[in-house]
Protein chains: 2
Amino acid sequence: MAKSKREAVDKTTEQKIKEAAQQVFTQKGYAATRTRDIAEAAGINLALLNYYFRSKEKLFEIIMMEKLARFFGTVAPLFDDPSTTLDQKISAVAEGYIDMLLQSPDLPLFVLSEIRANPERFLSKIPLAKVLESDFFRQLKTIRPDLHPVHFMMNIVSLSVFPFIMKPVLESAGIVTPKTFETIARERKKLIPQWISAMLKP
Amino acid sequence: MAKSKREAVDKTTEQKIKEAAQQVFTQKGYAATRTRDIAEAAGINLALLNYYFRSKEKLFEIIMMEKLARFFGTVAPLFDDPSTTLDQKISAVAEGYIDMLLQSPDLPLFVLSEIRANPERFLSKIPLAKVLESDFFRQLKTIRPDLHPVHFMMNIVSLSVFPFIMKPVLESAGIVTPKTFETIARERKKLIPQWISAMLKP
DNA sequence: GTCTATAACCTGATAGAC
DNA sequence: GTCTATCAGGTTATAGAC
């Protein structure tokens, strides 16, 4: 009883470590992260990290799986929803990505970098090839049979995600402030569907 | 004489190290790279690396500066060319990026990751804020005064560059083969200007 | 469960022979 | 210029006290 009360208010140590690990891993990447940094960020001792998660590697595996699920899993189902029109899918994907990335701006650079460092290891977990037979591809082929559907999938994801990859550059260079970046990102939720729609007209 | 003859045929040791360093750094990033890996890839000894370039840090600095120049320097001047129309600028940027990235597909992920790890250090070298007063922005403001010009700059760069960032994912997942990726990338040199043109119509 | 102290290992860099 | 051998420092992981 006393214990469950504590858990409801404070975070468990395991939870504190996981949250610190997320933060440090996504910001610096696996190789540049030291377990000491995570321990310090979690406000605990280094030994405790190995007590809960046997190794840096194991801890990373857990974080990475969650991040992969978040990055791919949030929008992947939208592509294969048979109850939506093409326009609805496009809006749903753009909004889904932008809303998510406004909360986790450095998710894409982290996930894509770590995949690149170890493609076979992580991609085997996620059945991405499904998009080839998705409702989305089927709809694209009927409306624009002259172009490979991958073009438009790339376009939607590019326009939604890449601004967040450029964010550190744009802000450090003084081209946008964090405030205007956020405004622009929000505007794009409505703009991207309009733009894609214009692209789809032959 | 004998020496200059050798240099014309074989590569100098310094050159071999630099090429190996480029390859390993861009593939694994600074933190995950071991100087031993570079030495091995160059076919030389670890001590020799420190003989030519005092440290891993110094060697990385050299490589990074070249990559920054390549990634930003190739297209940045095109944005501020007063002799070209807006449509010409768009075509030049898309073609410039895609042609470059077909040769160096992992340049973007490398450059953007390392900038993120150390924004102030690298961005201070490159005067990106110039784009705010560029001919490109000026032209955009006259044609679409209702939208921030950064939207369209993001769009052109996103559509050109992001496919190369997704390349490892798309290929490992079996969505495209390396061959079809290249075909698609080439097609985009003509498609992107058409798409941007369609976007710009109010 | 949590800590301090330390072991075991790895990596960048140098010394010194050739 | 190039190598082998080694040092110095830092990092992960564990042993053992509390």
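Lettering follows sequence order; numbering is per chain, from 1. Computed from a predicted model, the values in this text were never measured in an experiment.
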Check your understanding: dG12(C) base to Arg36(B) side chain: any donor-acceptor pair below 3.5 Å?
Key -> yes
Between CD of Gln15(A) and C1' of dG1(C) the distance, given in whole Å, is 17 Å
Whole-Å distance, Asn50(B) CG to dC3(D) P, equals 13 Å
Among dA13(D), dT14(D), dG12(C), the one nearest any side-chain atom of Ala47(A) is dT14(D)
note: Glu57(A), atom CD; dC9(C), atom P; distance rounded to Å ~ 18 Å
Winner on side-chain proximity to Leu48(A), out of dC3(D), dA13(D), dT2(C), is dT2(C)
Of the listed dA15(C), dT2(C), dT4(C), the closest approach to the Asn45(A) side chain comes from dT4(C)
Under-4.0 Å salt bridge between Lys67(A) and Glu114(A): no
**Message:** Please tell me if Thr35(A) has a side-chain N or O lying less than 4.0 Å from either OP1 or OP2 of dA13(D).
**Reply:** no
Comparing nearest nucleotides in DNA chain D, the 5'-proximal residue of the pair Tyr51(A), Arg34(A) is Arg34(A)
Atom CD of Glu14(A) and atom P of dT2(C) are separated, to the nearest Å, by 11 Å
| request: Answer yes when Arg186(B) and Glu182(B) have at least one side-chain N-carboxylate O distance shorter than 4.0 Å, and no when they do not. | output: yes
Do Lys89(A) and Thr84(A) meet the criterion of a side-chain donor-acceptor pair at a distance under 3.5 Å? yes
Quick note, Ile44(B) side chain, CB onward, closest among dT2(C), dC3(D), dT14(D) is dC3(D)
Open item on the list: So that I can tick it off, tell me whether Asp80(B) and Lys130(B) are bridged by a salt bridge, with the cut-off set at under 4.0 angstrom between side-chain N and carboxylate O.
Closed with: no
Check every strand shown and say whether Leu46(A) touches a base, only sugar-phosphate, or nothing at a heavy-atom separation below 4.0 Å. base
